[in-house]
Amino acid sequence: MLIPRWFAPFAIALAAACSTGSDDKAVQPAALFDAAAAVPQGQPIEAVLTDAPHVPPPIDRKTPAKVVVKLEVIEKVMEISEGVEYTFWTYGGGVPGKFIRVRQGDTVEFHLQNRADSKMPHNIDLHAVTGPGGGATSSFTAPGHESQFTFKALNAGLYVYHCATAPVGMHVANGMYGLILVEPPEGLPKVDREFYVMQGDFYTVGKYREKGLQPFDMQKAIEENATYVVFNGAEGALVGDKAITAKKGERIRVYMGNGGPNLVSSFHVIGEIFDRVYTEGGTRFQENVQTTLVPAGGSAIVEFVAEVPGTMILVDHSIFRAFNKGALGMLKIEGDDSKDLYSGKEVDSVYISDKALSSAPISAAAAGLKSGKLSKAEQVEAGKVLYAGNCATCHQADGKGLPGIFPPLAGSDYLMADKRRSIEIALNGLSGKVVVNGKDYNSVMPPMSQLNDDEVANILSYVRDSWGNRGDAVSPAEVAAARASTPRPPGAAE
Ligand SMILES: [Cu+2]
């Protein structure tokens, strides 16, 4: 066949479209479908709504329908981190809000309920709505009331919804956002697993991991100085037992949203490459992407195949957020080794340190602290987990250090000689010559003052009770006293 030179790219594109079949439908222009003219067929359908990380089943309807969505606003206290509580304002009882899934051309009858025990009025702005305020102008709902409006889903895509009641920033900062997927008429390509992940930034009066019920901090929010940046409403929401899971060989799709209110996400999965990213939740996909930007009030759909088993780590690659503000989740892929693809062993602790271990002891110690009955045993157990995450890279898991480089804590005469000094070392670091068990060290330990008083107390209680050391517990009050009476070195966390 003779093909004119100018026609060649089109011929290739056509051939590709034919050979890959239905899998590539989503790249075809949806322009031929007139969503505005779509007329609902059959009886109204009540939408299936799901909590993250679950996604409602794909829509297999071939015709437009009237879809009824009932969403209830619930204000409730939940944990944002181990032992840290926060009053969230939610769409449906969780953060992010319920996942809504409709088909392009559907007529959506939206009911917003606000529970009678709510303290605030709320509304909803769905970015999937074409119309003033995205629904916000029609959905102002006082506590104990319900409002209703109807819209037609004109554009396919993955859209954020959020509260738009003044002060808007505060409502969003308290967790009032979620995702609505408008599927193209032909649906999205089939995959084996779909997940719902949404990032958000939170602002509390207490610092990161400071225990107890933490109020919202308006000033920090205005300054965009987030205390927490998390996936699915809490640090650890996708960690350990709560990790999302898949089997080797499966194709995975993540509907990734960012509620903000302030921060843009650099979404990345450590150990995976996104085969496809529908950037900004739109119709077209980019291929072979390492990290994708998800704007505040925006989304992305990422797809990849789980070729190699192990734990893949979801992060915001603005990396302090992952390790010091909570933006870290896990995808556990089960299956036989794929030595031809990756020879290495899995060492969880390299990236996820204390998060590789169960956080139950930290919860137990937090509960003990709250009730005023914190026991030494609870402190030691929690300290063990925290030690693994904060001290073990240098002093080693067995506390023996590394000869000539990191002094031992196991059987350390220097450590055990002076309790107060050991607290100050943990907070403020140490440099210059020290002699530990008769051996000289002359190096630098960085200050660890980013840890809270109770964390330092738990770590030192563990260290002073392990590997042959015998000492009493260190209380959070003792750490607080040391913190108050010593200056932080330049550059140390407050
Ligand atoms: Cu609200």
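Just so you know, ligand 1 is whichever comes first in the structure, and atom 1 is the first atom listed for that ligand.
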message: Classify the ring geometry of Tyr203 against Phe216: parallel below 30°, tilted from 30° to 60°, perpendicular beyond 60°.
response: perpendicular
- prompt: Does Asn123 put an N, O or S atom under 2.8 Å from the Cu ion (ligand 1)?
  reply: no
query: More than 12 foreign heavy atoms under 6.0 Å from NZ of Lys66: is that the case here?
result: no
message: Looking at Lys211 and Asp454, is there a salt bridge between them, counting it only when a charged N and a carboxylate O are closer than 4.0 Å?
response: yes
message: So, of the N/O/S atoms that His171 has, which is the nearest one to the Cu ion (ligand 1)?
response: ND1
- request: Can you tell me, to 10 degrees, how wide the angle at the Cu ion (ligand 1) is between SG on Cys163 and ND1 on His122?
  value: 140°
- prompt: With under 30° as parallel and over 60° as perpendicular, where do the rings of Phe202 and Tyr86 fit, or are they tilted in between?
  reply: perpendicular
